[in-house]
Enquirer: 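Just passing along the structure, written as C-alpha cells.
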Amino acid sequence: MQKKRAYSFPDEVLEHVFSFIQSGKDRNAVSMVCKSWYEIERWCRRKVFIGNCYAVSPKMVIKRFPEVRSIELKGKPHFADFNLVPDGWGGYVLPWIVEMAGAYPWLEEIRLKRMVVTDESLELIAKSFKNFKVLVLFSCEGFSTDGLAAIAAGCKNLRELDLRESEVDDLSGHWLTHFPETCTSLVSLNISCLGSDEVSFSALERLVGRCPNLRSLRLNRAVSLDKIANILCLAPQLVDFGTGNYTTELQPDVLSNLTAAFSSCKELKSLSGFWDVVPAYLPALYPVCSRLTSLNLSYATIHSPEIIKLVSHCPSLQRLLVLDYIEDSGLEALASSCKDLQELRVFPSDPFGVEPNVSLTEKGLVSVSLGCPKLQSVLYFCRQMTNAALVTIAQNCPNFTRFRLCIIEPKTADYLTREPLDVGFGAIVEHCKDLRRLSLSGLLTDRVFEYIGTYAKKLEMLSVAFAGDSDLGLHHVLSGCESLRKLEIRDCPFGDKAILANAAKLETMRSLWMSSCTVSFGACKLLGQKMHRLNVEVIDETEPPCSRPESCPVDKLYVYRSISGPRSDMPPFVWTMDEEGTILH
Amino acid sequence: MSEVELQLCLALPTPNITKGFKFNLNNYHGFDHLKQMSCSGDKTSRVIKKRDFEHAFGNFSDDCNALPLLLWSGQPNEEDDNHNDRKKTTFVTDDMNDVEVDQVVGWPPIKSWRNRTCHHHHHHHHKRALGNGRSIYVKVKMEGVPIARKIDMRHYHSYQQLTNSLITMFTKNEKCDGDYNARYTLTYQDKEGDWLVAGDIPWHGFIRTVQRLKILSNWG
C-alpha cells in the first residue's frame, strides 16, 4: 500500500530529474535522501566509479545497480607505477567481466586503471556486450595484441580504444586488420604504448580514412615522420594528435608536406608523441601552434632554445609536459608567452645522474608561478629547492589544486639555509586552500606534517617519502586532514602508534600504503582484527611475517576499506587478517 | 658473497623513534616493548633466504649450461664507447668494493616506461632512431673494471649469447690465457631491486625483469 506523501511525483518524473545528475558524488547524495529515492536512483544509475576494485565485489555492485552502462575500476595502488608492488599482487579484471557479462548485456563502457587484463578478458568483452563502445586501459598489463584483435573484430560500434601507458605483449603486428571494413565509428584511438612491430600501417591508414568522426589519434613510436602527413590529410578533423617518431631521413619535401598537412587541421588543439625529434621539422607545427592548448614534449630531447622557439608560438597553451631540458631560461620564456597555462609537468632527463645535467632549478618554477596566474597543477622534478622559493610560489599561486615536487636526492635541505623544507611546504598548504593533491620531497621533519594537518583541509591525496621524525608526523596528517582519501608513504619512521590511534580514520579513506616504515606485524594483526571494514594486507616477498617476532616491522603494508571482506586472490607473498585474527594467505 | 649482501641493502637506514609524546590511544594495547629494528639488518637476513647461491650456481632452465664460469684473461677494456658515462661517478668508480647503494627502488618516482625512453635518449640521442621502441638498455659492470658498459638486451636471445658478448666486450684479446683461469658469476638486479644470479629463470622472464648486470669474480 502506498503511503500518502506530501509531494508525490511519479517515479518516472523523479527518474527523469535524476538523469540530469551525472556526478557519482551527487548521485550518492541523492540516494541517501530517503528509501524511495534510493530505490529509484539505483535503477537509473548508468555510470559507476569504483576507486578500488577490492572495496566491493562485482555481485554487490550488480545487485545494487542493475542497469549500468559504464563502469570505471582501479586496481593496484599508485606506488605500483614505481615498481613497489610486486608482480602478481592482484588487480585482476576477469572476475568483473565474467559477472558483468551475465548481468549487463548492454554495457557500453569499461575504463580500467592499473589492472591486470588478460586476452581472455578482452575476448569475453568482445563476445558479451553487443553495444560496446569504449575501452580505456590506463596503465594496465597482462594482455597481448591477440586480445586487441578480438576487440577490433567483435565490437561493431567501437568508439574509443585507448591503451595509454599500458604494457602490451607484442605477438603480431596485424591486429589492426581485424577492424572490419564496416567499422566507421571510431572517435578515439590511442596506441602510443605499442612497440615497434605491432602496427600495420596500411591497415591504420584505411581505418583512419573510413572513420569521419575520429577526433583523437595517438600513434606509436614506430610510425615515422614521413607517414604522418598522409594520416593528417586523411583526418583533418582531428582535435588531438600523437605523433610517432618525429624523425625521418632528411628529404626536401617532408617539411613542406608536413606543414601543409598540419595546416589542414583546423581543429587541432592537442599534440603529443615527439619521440626522437629532429628540430628542423618543428616549424611544421607552426600553423597549429596558435590554437594549441595541450602540448606533450616529455619524450622530446630537444633543448632549451628549440623549446622556447616552439612554445613562444603557443599563446593559448594550457597544459605543457616537458623534459628538464627546458631549463630555467625556457620556463621564463614560457611564463611570458603562455599566460593561460594551467598545468605544468617537468620530467628529469637524467634521473639517476648525480650531477645536474641541465640548468633547471627552483628559479624556473618561481618564474612560472609569477607569470602564469592560472597555474593550478604542477609536477616538478629538480635537484635543489629553498623555503623562500616555495613561499613565493605559494603566494603567487593560491589556486593550486595539485602540487607535486620531487627533489631528486632524498632528504635534500634548503640549499641556501641548510634548513628542512618544512616552512616552504607549510606555505603551500596554508595559501592553497583548494589543494587536493600534494607530493613532498626534500628534508622534512614532523613539523611539515603539523602544517599539513592544520591547513590542508581539502587535501585528498598525499605522497610522502624519506620524511618525518616520528609517529607524531603521521598522527598530524591522519587526525588533521579531513578530506584525506589516499595516503602513500615510503621510507619514513612512522610506526604503530599513529596508525592504531587513528584506526577509525582509515575507514574514511580509500587506502593507506606504507613501505619501508616501522609498522610492526603485531600492529597489523591488531588493526585487521579490530577493524572489520578494513582489509589489512602485509606484503613480504622474502619470508612470512609470522616467522619473525611480532614486533618486527613489515616490509609493505596496504590498508583499504572494503565491504566485501578479505580477497580470495592473494598471492603467496600477501598476508591479511580476518576478524578472528586468523592470518589468511 | 659479502659484496652481494652489501649491494642488497638498498633501503636508507631509518632513525630511532626517540621522542616521547602523548595522545589519545583508543583500543590500543601497550606496544611499549616494540624495539626499533634496524632496516639494514633485516634486509640482509631476508635476502640470503631468498636466494640460495649454492643452488643457483650453474643451474639453468635454459639451453645454456656454462654461464657462471666465464673464462678469460681478465684484462679490462680501456675505452668506454660512450663518454656520457664518465659523468656518472657513482656508477663508474674504480673501487673493487664499489656498491651502488645510491639507487633506491622506485626512486625517483618515475614510471618505468618513461625511464626507458629517457635513458635511451640521453645516451643515444646522437644516433638516428631506428624505430626500435622496445630497447632495453642495461648497464653492465665487471668487478675490478673501472668503466661500465651499456648493452641493449634486445640484441640477445639466450644466456649463452649474452655471456659470449660480454666476454668479448670486457677483454682486450679474445684469446684466453690458459694460465690465468678466472671464474666469474653473472649477477643481475631485478625489478624489485634484488640482486640474483643470472640463469635460473627462463630468458624471456629475465629480460623483462633485468635492470642491471654485474659480473663478480669467484676466486676458488
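For the numbers below, each heavy atom of this structure counts, side chains included, while hydrogens, waters and symmetry mates do not. Worth saying up front: this structure is predicted, and the values here are computed from it rather than measured.
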Enquirer: Check whether B/W107 reaches the backbone of A/I408 with its side chain - one donor and one acceptor, N or O, closer than 3.5 Å.
Expert: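 Answer holds: yes.
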Enquirer: Closest heavy-atom contact between B/V105 and A/N83?
Expert: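 Of all heavy-atom pairs spanning B/V105 and A/N83, the closest is CG1-O, 4.1 Å.
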Enquirer: Which region of A/R490, side chain (C-beta onward) or backbone (N, CA, C, O), has a non-hydrogen atom less than 4.5 Å from a non-hydrogen atom of chain B, or is it both or neither?
Expert: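 It is the side chain, since no backbone atom gets that close.
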Enquirer: Please list, chain by chain and in numerical order, all residues satisfying ring pair (Phe, Tyr, Trp, His ring centres under 6.0 Å) with A/Y246, sequence neighbours excluded.
Expert: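 A/Y246 satisfies ring pair (Phe, Tyr, Trp, His ring centres under 6.0 Å) with A/F274 once adjacent residues are dropped.
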Enquirer: I need the B/I110 CD1 to A/D81 CG distance, nearest 0.5 Å.
Expert: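 That separation rounds to 12.0 Å.
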Enquirer: If you look at every heavy atom in A/F381 and B/P108, which pair is closest and at what distance?
Expert: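 Heavy atoms only, the tightest pair is CE2-CB, 4.1 Å.
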Enquirer: Measuring from atom NZ of B/K111 to atom CZ of A/F347, what distance do you get when rounded to the nearest 0.5 angstrom?
Expert: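 Reported value, rounded in 0.5 Å steps: 8.0 Å.
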Enquirer: Checking side chain to side chain contact (heavy atoms under 4.5 Å, CB included) for the pair B/V104/A/F466: CA distance, chi angles, key distance, verdict?
Expert: CA-CA 11 Å; B/V104 178; A/F466 305 106; 4.0 Å; yes
Enquirer: For the atom pair OG (B/S112) and CD (A/E165), what is the distance rounded to the nearest 0.5 Å?
Expert: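 One finds 10.0 Å between OG of B/S112 and CD of A/E165.
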Enquirer: Is it the side chain or the backbone of A/F79 that comes within 4.5 Å of chain B heavy atoms, both, or neither?
Expert: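 For A/F79, neither part sits under 4.5 Å from chain B.
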Enquirer: If you draw a 6.0 Å radius around CZ in A/R345, do more than 12 non-hydrogen atoms from other residues or ligands fall strictly inside?
Expert: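 Yes - once you tally the heavy atoms of other residues, nucleotides and ligands closer than 6.0 Å, there are more than 12.
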Enquirer: Going from CG on A/L84 to CD on B/E192, what distance comes out if it is rounded to the nearest 0.5 angstrom?
Expert: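 It comes to 10.0 Å.
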Enquirer: Going by ring pair (Phe, Tyr, Trp, His ring centres under 6.0 Å), name the residues that satisfy it together with B/F206, two or more places apart in sequence or in a different chain.
Expert: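 Listed in chain order: B/Y159, B/Y188, B/W203.
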Enquirer: May I ask you to decide whether A/D169 forms a salt bridge with B/R208, counting only side-chain N to carboxylate O separations under 4.0 Å?
Expert: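 Yes, this pair counts.
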